[in-house]
Amino acid sequence: MFEGLSLDQAPPLSVVMRFFLTLPVFGLLLSLLMIFAPHDVLTLSHPLSLASIHLLFLGVISMGMIGALFQMQSVLGGKPIPNPHGNSLIIHSLFTLGTLSLVCAFAFGISELFIIAGVFLGSAVVYFAQILLPLLFGTITHDTLKGMRLAVIAFALTATLGIVMATSYANGIFGDYHALIRTAHYSLGLIGWVAMLIVYVAFQVIEMFYVTTPYSDWCKHNVGRILAGVLALKVLWLFLNLPFLWLTDMIAVSLLFGFVVTTVKRLQMRKRRVSDVSIWFWKGGVALLGLALMSYSGYLFSDYPSLETVSLIAFALFALSIILGMMGKIVPFLIWFHLSSSGFMDTPIMSNVIPQKRLKITFWLFSATAISALLAPFYAPILILCGLTSTAMFALLLFNLISAKRLYHHTLRYGTKFTFQS
Amino acid sequence: MILEFMRDDHRACDHLYTEAENALADKKIDEAKTLFDAFYRATNHHFDMEERELFITFEKRTGMMGGPTQMMRYEHQQLRSQMESMLTALTQGRYDDFFGIGESFMIMLQQHNMKEEQMLYPMIDRALEGDAEIMIQTLKEMPQ
């Protein structure tokens, strides 16, 4: 029941790193698509656009979030994920193969691959949910855990709807409900999975790591419930074809906008003034969420399609910004933690695992990528520049992760351990 | 009850650390040393309150001797060792090292605090039932 209270129960480094190391590889594939097919990537419902969206939301964002959940569960949930090596290997392999199959299915129009993708991705997400949810519904309960539960449930539902859509693509038969299923699929994925998890992680880490005033108890108790309720209503509204569907969207937009305002306020007024790059990523990410919400509201009332594209791009960049910022902190911490817990005297301090200078370069490359991506819906060729900067960003991220892992193994092999003489 | 009292004490310690770190970042060395000393004493006092009173009472009431409290003691040891390293770095004028150790210390301390606030303190509150007020009084009277 209380295994999570032990530092020894943290999952092995390789469990988290296998997800984090795969993330930039998918990011590099996405960058190639942006460089070589900018117009297709920006054309809504074009196969290469769908391939890009899934590379980003599955291969990059969800890959990072699943890896982080393996780590967070042991700290927040009171019980670590059992058999972390085996389970992470199964989930990672299925998820990676599924994402690759889906992207290739879209990119090359191979219908059989949609079935394979559906099987792999569905198995990965359902397997992940069936391991994690019983732990999240255990005896220990608090607001962050409740948020994590809702996020994982939304992820499983997103995957289920994804499988239904994959079979449509495989057969080339799109029923009357295809458009509705697609709307439910991305609403659950974007708001229920991605936004929900990031919001609840923010409730936990912003206050503690940057020493800010706490988020209100009302927010912590109710944001998840309201978002879940709004999503349930939206799906119901969609399938019953009821009017004023935009109302459900506006409730979610208002709530998330409240999150943006309160988070910016907390980050600005934080007591811990020593700045690190993770703060820049949080601030950038929250600003991008604000932009996504504003452009989506603009789209709802104007029907101007570029605003919808800007909204989706800004939302993805918001999630990416938070993930990059947290990885820059989590990876050096985990390496320091695992080495120092094993008693190595020459354990490198965090800033020597991934130097701040390289994290700052990652941030500036991210900023260049974000600006060019947001301008691309208005001038498509700029997506080539976006592809080039994101290639540099993901290559640097991969280099940072590989060099951090090499430092870890080097210290394990050649480091000096504390010895106790009796 | 215990949760609120101990959580407030966590925040008070965080505040002192933040003040010390801010002062050092502003190159106010003497002020940073004074504030870090206050943080060092406050945090050790917090650990002492837990180890000498709170955990022992909890263990007696529940019979859980080698459980979560033992794990928290182990974490206290690690955190104490890091505080010593930071104190040495500050005393020897190795300020970059101070910030470097401080970065991992802060994450570890916050993870430790999360576990206590979300799991252990609610358990202690349940175990103490109506005696929580008396325990808080005892903790308040403990010399620093």
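A note on names: the letters A, B, ... follow the listed sequences, proteins ahead of strands, and every chain is numbered from 1.
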> Side chain, backbone, both or neither: which part of B/Asn113 has a heavy atom under 4.5 Å from chain A?
Replying inline: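 For B/Asn113, heavy atoms of backbone and side chain both lie under 4.5 Å from chain A.
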>> At a 4.5 Å cut-off on heavy atoms, which part of B/Gln82 comes close to chain A: side chain, backbone, both, or neither?
In response: side chain
> Closest heavy-atom contact between A/Met65 and A/Ile323?
Replying inline: CG-CD1, 4.1 Å
If you count heavy-atom pairs within less than 4.5 Å of chain A, which of [options] leads?
options: B/Gln118, B/Gln110, B/Glu103; result: B/Gln118
options: B/Ser104, B/Gly100, B/Ser81, B/Gly102; result: B/Ser104
options: B/Glu117, B/Met106, B/Gln70; result: B/Met106

>> One pair to check against side-chain contact (heavy atoms from CB on, under 4.5 Å): A/Met72 and A/Leu69. What are the steps and the verdict?
In response: CA-CA 5 Å; A/Met72 280 161 54; A/Leu69 276 171; 4.2 Å; yes
>> Once you measure the plane-to-plane angle for B/His76 and B/Phe55, does it fall in the parallel (<30°), tilted (30-60°) or perpendicular (>60°) bin?
In response: parallel
>> Counting heavy-atom pairs closer than 4.5 Å to chain B, which one of A/Arg270, A/Lys329, A/Gln356, A/Arg272 comes out on top?
In response: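 Between A/Arg270, A/Lys329, A/Gln356, A/Arg272, the count favours A/Arg272.
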> Tell me, side chain or backbone of A/Val274 under 4.5 Å from chain B's heavy atoms, or both, or neither?
Replying inline: both
> Taking it one step at a time, do B/Phe98 and B/Tyr95 satisfy ring pair (Phe, Tyr, Trp, His ring centres under 6.0 Å)?
Replying inline: CA-CA 5 Å; B/Phe98 175 88; B/Tyr95 304 130; 7.9 Å; no
>> B/Asp37 vs B/Lys33, test: salt bridge (charged side-chain N to carboxylate O under 4.0 Å, His left out). Steps then yes/no.
In response: CA-CA 6 Å; B/Asp37 182 57; B/Lys33 283 180 179 170; over 6 Å; no
> Would you find a donor on one side and an acceptor on the other, under 3.5 Å apart, between the side chain of A/Arg266 and the backbone of A/Thr262?
Replying inline: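 Pair found, side chain donor or acceptor close to backbone of A/Thr262.
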